[in-house]
Amino acid sequence: MSKLGTIVKTASGVIATTIALFTALRENPQISAGIDDALAKLKEAARSDKPKTRFEAKLAAIEAAADAVDQTFPDATEPDGWRRQTRALRVRGVLAWNANTGALRRRAVKALNAETAEILTHVNTRLVELHALPGHE
């Protein structure tokens, strides 16, 4: 399997996991609107081969996860770090998109996409851990 195929399958798995986790967290009415928006973007990204679409959906998912954790688990310290990472990735994404063309742009966006998928994987892992805490099943 090619590296691209592996990245797409891994990214699709991360997106599917995030969709499942967000669906479980949607029960909180204070965060359901943000999660609904992130879910719509993730579902669009799951059907898209466009790296920029996938990148933006993952960023939206990380931000929605930060909001959800803030509301559901107020003592958690991770959301601020997730938001800082998202802001940095978004700036790097704008720079990569606007400063490059053709193959250079594709490589830059693909690298950012892979980094964002890795962060989203860590966010998903933490959401599972938090959701397993007593009183949050």
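In what follows, every heavy atom counts, from backbone to side chain, and hydrogens, waters and symmetry copies are set aside. Along the sequence shown, residues are numbered consecutively beginning with 1.
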pair Leu59-Leu120: side-chain heavy atoms closer than 4.5 Å: no
I'd like to know if Lys58 pairs up with Glu63 as an ion pair, taking the criterion as any Lys NZ or Arg NE/NH1/NH2 lying under 4.0 Å from an Asp or Glu carboxylate oxygen. no
Gap separating the CG atom of Asn100 from the CZ atom of Arg106, nearest 0.5 angstrom: 11.0 Å
Step by step, would you call Arg54 with Lys50 a side chain to side chain contact (heavy atoms under 4.5 Å, CB included)? CA-CA 6 Å; Arg54 288 178 171 271; Lys50 296 178 181 177; over 6 Å; no
I'd like to know whether Ile62 forms a side chain to side chain contact (heavy atoms under 4.5 Å, CB included) with Gln85, so could you lay out the CA-CA distance, the side-chain angles of the two residues, the decisive distance to 0.1 Å, and finally the verdict. CA-CA 9 Å; Ile62 294 168; Gln85 288 176 312; 5.9 Å; no
Thr125 and Glu129, any side-chain heavy atoms less than 4.5 Å apart: yes
Any side-chain heavy atom of Arg126 sitting closer than 4.5 Å to one from His122? no
Closer than 3.5 angstrom, by distance alone: can the side chain of Asn113 be matched with the main-chain N or O of Val109 as a donor-acceptor pair? no
Roughly how far apart are Glu115 CD and Glu118 CD, rounded to 0.5 Å? 7.5 Å
Any heavy-atom pair between the side chains of Leu112 and Lys52 that's under 4.5 Å? no
Show your working on side chain to side chain contact (heavy atoms under 4.5 Å, CB included) between Arg92 and Leu89 and close with a plain yes or no. CA-CA 5 Å; Arg92 289 173 50 207; Leu89 285 166; 3.7 Å; yes
Tightest non-hydrogen contact, residues Ala96 and Ala108, listed as CB-CB, 3.7 Å
For residues Phe55 and Trp97: do they belong to one hydrophobic cluster (side chain heavy atoms under 4.5 Å, members Ile, Leu, Val, Met, Phe, Trp, Tyr)? no
